[in-house]
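Single-structure report; data block below.
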Amino acid sequence: MPPMSEYLLLFIGTVFVNNIVLVKFLGLCPFMGVSRKIETAIGMSAATTFVLTLSAILSYIINSWILAPLGLEFLRTIAFIIAIAAVVNFTEMVVHKTSPLLYNVLGIFLPLITTNCAVLGVALINVQDQNNFLQSAIYGFGAALGFSLVLILFAALRERVNVADVPKPFQGSAIGLITAGLMSLAFMGLTGLVKV
Amino acid sequence: MSIKLHKFHGGLHTEDHKKGSLISGLQQATLPAQLILPLKQHIGDSNKPLVSVGDRVLRGQLIADSSSAISAPVHASSSGIVSEIGARPVPHPSGQSDLCIVIDVDGKDESIKQKTSPIENLSGAELIDKIQRAGIVGLGGAVFPTAAKLARGNDLGIKTLIINGAECEPYITCDDTLMQNYAAEVVSGIAYLQCILKPENTLIGIEDNKPAAIKSIQLAIEKSPLSQTEVVSIPTIYPSGGEKQLIKILTGKEVPASKLAFDIGLFCQNVGTCVAITRALEHDQALISRIVTLSGNGIQNPGNWEVWLGTPVSHLIELAGGYKINQAKSQHLVMGGPMMGFSLSSDAVPIVKASNNILVMQQQTIPLTPGYHDECVRCAKCVEVCPAQLLPQQLYWQARAKNHERSEEYHLFDCIECGCCAAVCPSQIPLVQYYRAEKSEIRTARQAHFKSDRARLRFEFREQRLLLKKQQDEERRRLKREALQKKNPKIPDRKVEVDPVQAALERVKARKQTQAAEPRNTTNLTPEQQQQIEEADARRRAAREQPK
Amino acid sequence: MTSVIVSSPYVSPSKSLRQLMINVIIGLVPGTLAYIWFFGYGVLVNIILAIGLALIFEAIVLKLRDKPIKPHLTDFSAVVAAWLFALCLPMNSPWWLVLIGIGFCMIAGKHLYGGLGFNPFNPAMVGYVALLISFPKEMTTWYLPQVISGQSLSLIDSLAYSFGLFEIEHWDAFSSATPLDQYKTGLTQNLAASEIFQSPVFGALGGVGWEWIAGGWLIGGFWLLISRTINWHIPVAVVCGLLLFATGRYFLDTATVASPVFHLFSGSIIIGAFFIATDPVTAATTNKGRIYYGLMIGMLVYIIRSWGGYPDGVAFAVLLANMCVPLIDYYTQPRIYGGQDQDE
Amino acid sequence: MIVAILTISLMAGLFGLILGYAAIRFKVEGNPIVDQIDALLPQTQCGQCTYPGCRPYAEAIANGEAPINQCPPGGQATIVALAGLLDVEVLEPNQEHGEHHDIPLVAIIDEATCIGCTLCIQACPVDAILGSAKHMHTVIADECTGCELCLPPCPVDCIDMVPIKQSIDDWKWPLPTLSEEIVHEH
């Protein structure tokens, strides 16, 4: 397998087959919180993609150039969290400056990306699978793409379901969770697509 | 037919039910006992009555007018005594009442003196003013004041004048009868319009299910001196009579979304209005009568009548031989066609400028209450028929959810309420009512927003004014103080720090002392004053013992 | 006279919802007859059981939501969903399997979202996929067509069998893999296409019995097109999506890849294209949207069949495409009359 | 052990520097959101939301001190609009701040009892009351927003609130009655 197609398989595998949200069930709280309107979902997915890719690369650099040579693997989680927090704060300032409406609409969910388990999850998985630099970057970007794809689809779905005549006890996030469940049911069909 | 016809998207092929009301041709309606003339029979600002109860009015006399540009005055349709000016049921979807002038007809039908002044040398503006004074409105159903529309068209310049004789809605045949009987007046009306608007060419669109009307108009045109005027027979498909759809069929152009036909140099006018213009300019006769069709399966013999405005519908139904099944309760009265008309609350409502057809249907043929309607299954049959190329199912969900922002995003205000979508919907959803409700909801929201913007401007202006006033007071006080400084410089500058409370206390103490030193008026008295005081004290003591 | 204000149009509509659903049911009959002809009454039992249970579930839910039961039940939408669901199950599957499947299909698939018209996912596929994932053993006991196995169960026996009261002695002669399973297992042992197609299961076009059943669905599909119950965009797009990939790869390496015709006539692609994908409630509403929706289903079916874990990906493909429908609708709005990008 | 503490503090210091620089570089002044929120409020300046006017209430919503359901003149429509803008849950209007009148109210002065004290003129936030000292006052109906601020200062209590006169054009098409009620009727 020439490395080129191997990376492609890794990318497709991360985006579709073991999707970070619907198969690995990481990053569910922003997934449920921000998916009320399509516009906000697009804004949030752009911010998360930026953060996730950057922190995947950053955590690889920290892990292989600082922690490993000094033998401090046990500090891995704290170091990653610091890096992610820095990246998120940086993104928050950029978004606040460029589009204040998006900043206000995302509200609490922008700083919450720091606690988004998908971000830390990707960093730790990268280390666990001993991905090299390029692989961890692709894995980070792929996971972010997967998260964005599913988030935007879910936002469009929720906008349609909000208009539906849902029974009283199921309205709001209850029907949202059921829809997310059915979505992961559909994603099960893609298992085994990539033998990774 | 020299021009190439175009097709508009969607539309419905429905049975036109027009034969029934055409058999008996045009008949003259008799005068009713009472004429009920609503003050507002047009789109625009309402009129104010110029007559009062008890006045005698003649036929064609002006009885209500308004100062605003977008309005159309109301004239008496026949001579008689004004018996009442009050709220009467009027033809309106709400079934509510509105201010009407009620005239008890005296049967003499005396008209005011018509001054038939020559109109050849009148300029466009004077013609428009004569049309405005005659109270002429679009008789196709829009009832927009024609004078205002002509003025607007004149400013923007008109390339093509389109005369709408399509009359695409089922059951309605009033334009068809008009074209067959008054072809000459239609053509002279077109001539006047051409002389006002000076268009390059004129097209008269008539649906091909009215061959008699097409032939009679063509004959009239050949006899007239008109040039660049052409009758075009267009395919029969509902709603080809809609202004935007007729423009697309005849010229292939599309009126831009939120704009009017003027903006692309087109002017659309109904054939009925042309006849009204001719009568106004040539015989100086105001809009006091119009042709009304009476159709439907609930009436004895349907037909077309030239009716005086203000005639109650019940009088018209008697003329047509009354209801088939004579309990009025089971009838469903609709003013206008089955696709775009509205149901009437009772048959006491009068005929107004906008009533082209009274449809009398038995209850069971047209459901009165919608009954149960299934949910939308997104089959998109409505998208196939929508002439405005919209997404009716999306508009339905957003209207149901009262999501005004998304409704406007899906172009709700481009919907012409033609009813095609609701007619083909397999779930029988009353789509047009959802859209009309959502439109009025958005209109009230817009008015509220306009009002709140004005309120904010006035509030901010008031804040500035008060601030300015405060600054000016400060300024004036400072100037006065400086002036005092200049006048008597020796008064030490009041800047010395005097505790205001302390100063007040000293002033009070000083005042008390001066009061104590003052002579009281009971000290150094002359002997007689002393003697008078004793006598007074004695009387007072006596009065005190005496009542005991 | 009118206390309730009703707006125009005052026209009694031509076609009603029942009409649409009845047309779909008529369309389903030819395929089902071929099915019974080749595989015995097992499927008939499934269908009747499924329809009965579906109507019961719907009645219960409507009672709970105190909605009028009669109009909802008589619009046959539950019957169509149950029929499609029953066709995906193996012939003589046990009764409780049908119960669970229909329960999930009706409740989670349809009524939690508010009943007919609101569910974003195709209820029949939701039920089928839920069963496929939770009961893999029962869901893969398919049968050889009678013409090969020579055995046939009468209606009563298969009815009794599905309720577990009837034993079959020589079990193995009955159960075998469907042609697609055969093809999938062949692929995993990376046999050449020619070797895979030796086994008796394969007939001229697709599987022995299956190609006739696919023909039945084709007849039903044309009936739907003629009666304008569905419009052509989705079926054509689905078939093109599948053929696009199949012929493309077929020319690349004819050795290991099945012919596009095989793909077309095996498994449930024809019923998927004409009946399942065109369910108007869960499909895209704009014509342009329908083309993308159909192409997506066709491609996903091919991808899942060649590289995925499941033999026949129609169910998953439809669900994945349903998920994207709201986004497709949002971005494929047609140009309105007088829209900015006028083509003048 | 020392090495661990050293690396962590070093890394934290480095990131702190980057963020410090970014904070200066992306300085943001003012809060444009307040204008957007203020645009949605009905501008009656009535103070029923316990804030002295609509702008202070908008600022309170922007920095999250006030919930979005304290504006009775705006009613449910304003709450839905605010929820849409700020992407938060739609709340029920909070009744204790006053109730929403569907047909808006307008002040009207009873000319007989008005003594011309000009107190209401000073109280009106939108200058909708006309008149001068010791002369009869009147309210401009189109400009009055129905905020009821002129009621308390009036010594002779000659102002009362009346709904705006509804003409036939203000009639609104009702949504079709939900199918269920119709079925029960038959």
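Scope of the values below: all heavy atoms of this structure, side chains included, with no hydrogens, waters or symmetry mates. We name chains A, B, ... by the order of the sequence lines, and we start the count at 1 in each one.
- Looking at B:Lys402, the atoms closer than 4.5 Å to chain D (heavy atoms on both sides) all sit in the side chain, from C-beta outward.
- D:Ala39 and B:His449 make their closest contact through O-CE1, 3.1 Å (heavy atoms, listed as atom of the first residue, atom of the second, distance).
- Annotation for B:Phe413: atom CZ counts as buried by contact number, over 12 foreign heavy atoms lying within 6.0 Å.
- Among all heavy-atom pairs drawn from D:Pro42 and B:Ser452, the shortest one is O-CB, 3.3 Å.
- Chain D forms the most heavy-atom pairs under 4.5 Å with one residue out of B:Ala448, B:Pro93, B:Ala399, and that residue is B:Pro93.
- There is no contact between D:Cys54 and chain B, counting heavy-atom distances below 4.5 Å.
- Put simply, the side chain of B:Arg462 gets close to the backbone of D:Cys124: a donor and an acceptor are under 3.5 Å apart.
- Within a 6.0 Å sphere centred on NE2 of D:His101, heavy atoms belonging to other residues, nucleotides or ligands number more than 12.
- For the residue pair B:Arg458 and D:Ile140, the shortest heavy atom distance occurs at NH2-CD1, 4.5 Å.
- Atom CD of residue D:Gln166 and atom CD of residue B:Gln96 lie 9.0 Å apart, to the nearest 0.5 angstrom.
- Of all heavy-atom pairs spanning B:Phe459 and D:Val126, the tightest one is N-CG1, 4.3 Å.
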Passes side-chain contact (heavy atoms from CB on, under 4.5 Å), D:Asp127 versus B:Arg465? Steps please.
CA-CA 11 Å; D:Asp127 290 343; B:Arg465 183 164 51 79; 2.6 Å; yes
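- In this structure, B:Arg456 contributes its side chain and D:Asp38 its backbone to a donor-acceptor pair below 3.5 Å.
- The part of B:Thr444 that comes within reach of chain D is its side chain, from C-beta onward, which places non-hydrogen atoms under 4.5 angstrom from that chain.
- Taking every heavy atom of both residues into account, B:Lys40 and D:Asp169 meet most closely at CE-OD2, 3.2 Å.
- For the pair B:Lys451 (side chain) and D:Cys144 (backbone), a donor-acceptor distance under 3.5 Å is present.
- Considering all non-hydrogen atoms of both residues, D:Ile168 and B:Ser94 come closest at CG1-OG, 4.2 Å.
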